[in-house]
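Some notes on the structure that comes next.
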Amino acid sequence: MDVFHVTDRLGRKLTDDSVITYIEQSLGTWNGPARPAALEGLTALELTGADRTGLLSEVFAVLADMECSVVEARAWTHRGRLACLAFLRGEDADAGRVPRILARLGHLLRGDPAEAPGAVAAVPAAGVAHADRRLHQLMAADRDQDRAFPTPAVSIDSWAERGYSVVTVQCRDRPKLLFDVVCTLHDMDYVVFHGTVDTAGDQARQEFYVRHADGSPIRSEAERERVCQCLQAAIERRSLEGARLELCTPDRPGLLSDVTRTFRENGLLVAQAEVSTKGDLAANVFYVTDAAGNAVDQCAIDAVRERVGTDRLVVREEPRPQFDQKAAPGDRDHGVGGLGLVYLGNLVKRNLYNLGLIKSCS
């Protein structure tokens with residue numbers, strides 16, 4: 001039996017019945033009607049390539065020019081590379097138009113000959129089980145981890161007597177950290193047999209006892225370095241650097257192209273983007289930096305808001321958990337601290353990790 005102690009992303013007790021129901025449904029314990037497939041009938045575009053200021057704007061400009069409606073999109077940048085998923089309405093991406101869409105986007109992603117080439121593909125949206133996990137896989141295939149610097153955040157030791165490799169992750173806690181780490185191990189064909197997860201204040205410590213799918217532990221130094229690189233990259237990709245800009249406005253054709261073009265014209269680089277539509281309303285979140293990846297000047301943000309609309313585009317602080325400093329390290333009632341053993345091997349196949357709510361487990 002696996003027990004998880006969870007809070008919302010601000011460290012508070014869960015009180016939203018819809019979130020609790022979603023957790024139960026995701027774990028297969030809910031007996032209500034099946035959740036509708038939100039992406040049914042859509043086409044997913046998968047893009048990777050060398051990042052540059054304005055690239056995302058150019059991508060959305062091409063889609064707008066070809067009269068493609070973007071229902072949902074996710075974009076991450078890491079170490080100079082971009083990965084993007086864009087979901088298009090089925091009628092906008094029929095068999096006759098897809099080759100032309102791919103050809104135009106492929107030209108954008110061709111990039112500098114000195115850089116690794118970009119790639120673009122179209123797949124049925126139903127084949128994308130989880131957008132964030134697919135972004136991890138796209139960036140790993142693009143080998144962004146080769147650009148990661150070694151850090152003490154990830155270490156691997158051997159427990160030869162039991163035939164395990166012990167993977168330890170120590171870093172600042174954030175939503176979906178466990179999801180990112182465990183999915184990366186699984187995608188690299190490692191099986192997690194046992195693990196401990198602990199949070200204390202804003203710090204997280206995760207320890208996993210793993211073997212390769214063939215039953216062998218990590219044996220060579222090259223393999224150990226590779227696993228460390230991949231895990232470090234997975235931790236960094238969702239670091240949420242930059243100013244958080246939230247756009248809420250009636251949806252219309254070309255909206256994403258216009259907004260991201262305004263970012264580009266004011267020297268802003270989109271580090272991450274989360275695009276969604278709910279009926280006739282667009283609800284988008286952008287994390288932006290300057291062209292060098294540094295904090296954005298307030299004058300640039302003010303100029304962008306003036307162009308887009310100060311009532312539509314707002315600056316938000318990234319939500320941070322409120323930690324109870326008086327709680328003892330093992331006090332699980334407060335949602336902080338608490339070290340416990342959990343058998344995670346089978347949980348890799350479940351959907352709990354996509355909630356980003358795990359704080360401690362036992």
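Numbering starts at 1 and runs along the sequence shown. If you're wondering where the values come from, they're calculated on a predicted model, not measured in any experiment.
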I need the minimum non-hydrogen distance between Ala122 and Val98, along with the two atoms involved. CB-CG1, 3.8 Å
Would you tell me whether Thr199 and Asp173 have side-chain atoms, one donor and one acceptor, within less than 3.5 Å of each other? no
To check you understand the geometry: which heavy-atom pair defines the closest contact between Leu247 and Leu313, and what is its length? CB-CD1, 3.9 Å
Applying salt bridge (charged side-chain N to carboxylate O under 4.0 Å, His left out) to Asp65 and Arg104, what does each step give before you reach the verdict? CA-CA 11 Å; Asp65 184 60; Arg104 290 191 59 179; 2.7 Å; yes
As an exercise, state the distance from OG1 of Thr249 to CG of Asp280, rounded to the nearest 0.5 Å. 11.5 Å
Minimum heavy-atom distance Ile235-Val181, with the two atoms named: CG1-CG2, 4.4 Å
Does a side chain donor of either His186 or Arg133 reach within less than 3.5 Å of an acceptor in the other side chain? yes
Separation between CG of Leu45 and CG of Leu85, rounded to the nearest 0.5 Å: 9.0 Å
Please name the residue in the list Arg224, Arg219, Glu223 that meets the side-chain contact (heavy atoms from CB on, under 4.5 Å) test with Glu221. Arg224
How many angstroms lie between atom CD1 of Ile301 and atom CG of Asp297, to the nearest 0.5 angstrom? 8.0 Å
Taking atom CD1 of Ile218 and atom OG of Ser158, what is their separation to the nearest 0.5 Å? 9.0 Å
His130 vs Phe179 aromatic rings, parallel, tilted or perpendicular, using cut-offs 30° and 60°? tilted
For Lys278, is there an ion pair with Asp251 - N to carboxylate O distance below 4.0 angstrom? no
NZ/NE/NH1/NH2 to OD/OE distance under 4.0 Å, Glu72 and Arg74: yes
Donor-acceptor side-chain pairing of Glu225 and Gln229 below 3.5 angstrom: no
State which residue, out of Arg52, Arg261, Arg264, fulfils the side chain to side chain donor-acceptor pair (under 3.5 Å) condition with Glu58. Arg52
Using 30° and 60° as the class limits, which term best fits the ring planes of His194 and Tyr164: parallel, tilted or perpendicular? perpendicular
If you measure from the Lys or Arg side-chain nitrogens to the Asp or Glu carboxylate oxygens, is any gap between Asp132 and Arg238 under 4.0 Å? yes
Salt bridge (charged side-chain N to carboxylate O under 4.0 Å, His left out) assessment of Arg237 paired with Asp144: CA-CA 10 Å; Arg237 290 175 193 139; Asp144 72 316; 2.8 Å; yes
Heavy atoms of Ala271 and Thr77 approach each other most closely as O-OG1, 2.8 Å
How about Asp180 and His136: does a side-chain donor come under 3.5 Å of a side-chain acceptor? yes
On a heavy-atom basis, the closest approach of Met188 and Cys230 is SD-CB, 3.6 Å
Are more than 12 heavy atoms from other residues, nucleotides or ligands located less than 6.0 Å from atom CD of Glu246? yes
Does the pair Asp92/Arg89 count as a salt bridge with the N-to-O cut at 4.0 Å? no
More than 12 heavy atoms of other groups within 6.0 Å of Asp311 CG: yes
Report yes or no: is the cationic atom of Arg211 (NZ for Lys, CZ for Arg) closer than 6.0 Å to the six-membered ring centre of Phe193, at no more than 45° off its axis? yes
Step by step, work out the salt bridge (charged side-chain N to carboxylate O under 4.0 Å, His left out) result for Arg307 and Asp302. CA-CA 9 Å; Arg307 286 276 303 275; Asp302 292 342; over 6 Å; no
Correct closest heavy-atom pair for Cys171 and Leu177 would be SG-CD2, 3.7 Å
For Asp258 and Arg252, what are the C-alpha separation, side-chain angles and deciding distance, and is it a salt bridge (charged side-chain N to carboxylate O under 4.0 Å, His left out)? CA-CA 10 Å; Asp258 293 343; Arg252 59 173 175 81; 3.0 Å; yes
Looking at Phe286, I'd like to know if the NZ or CZ of Arg244 sits under 6.0 Å from its six-membered ring centre while staying within 45 degrees of the ring's axis. no
To the nearest 0.5 Å, what is the distance between CG on Asn284 and OG1 on Thr277? 8.5 Å
Working note: Val314 + Leu245, criterion side-chain contact (heavy atoms from CB on, under 4.5 Å); need CA distance, chi angles, decisive distance, verdict. CA-CA 6 Å; Val314 298; Leu245 304 181; over 6 Å; no
